[in-house]
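Report on one structure; see the data block that follows.
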Amino acid sequence: MKTITNMKKAIGVFRTYGIPLTGKKKQAHFYRELQMDKIFVDGLVYELENELDRVLTDDTATRVETPSELLEELLTA
């Protein structure tokens, strides 16, 4: 049940950044396809960490390149 709650929270944060988690957008590269700057990706990671009460290592946070990878890291951390 906690996983569903966390998914809903994460979806809400992604929506505030204009990133739908459906279709091809969940596999879109943050920088190339979604045209996001590093500062916005860092902000997204920070807000997701804050909302889900998780902390990613700096290495992991810089390694993720798509919304689905980021979500997977946060939900399995």
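Just so we're clear, the structure is a prediction, and the values are computed from it rather than from any experiment.
- Contact annotation: the side chain of Arg54 never approaches that of Leu75 to less than 4.5 Å [non-hydrogen atoms, C-beta and beyond].
- Residues Glu73 and Thr60 have side chains that never bring a donor and an acceptor to within less than 3.5 angstrom of each other.
- Counting heavy atoms from C-beta on, the side chains of Pro67 and Phe14 come closer than 4.5 Å.
- A side-chain donor-acceptor contact under 3.5 Å links Gln35 to the backbone of Arg32.
- The shortest distance between side-chain heavy atoms of Leu70 and Leu74 falls below 4.5 Å.
- Rounded to the nearest 0.5 angstrom, His29 NE2 and Glu69 CD are separated by 8.0 Å.
- When side chains are defined from C-beta on, Leu21 does not count as touching Ser68, because their heavy atoms never get closer than 4.5 Å.
- Side chains of Tyr17 and Glu47: a donor-acceptor N/O pair is present below 3.5 angstrom, by distance only.
- Residues Met36 and Ile19 form a side-chain contact, since some pair of their non-hydrogen atoms from C-beta on lies under 4.5 Å apart.
- No donor-acceptor pair under 3.5 Å is formed between the side chain of Glu51 and the backbone N or O of Ala10.
- Considering only heavy atoms from C-beta on, Lys26 stays 4.5 Å or farther from Leu71 through its side chain.
- Residues Phe30 and Leu44 are in side-chain contact: their nearest non-hydrogen atoms beyond the backbone lie under 4.5 Å apart.
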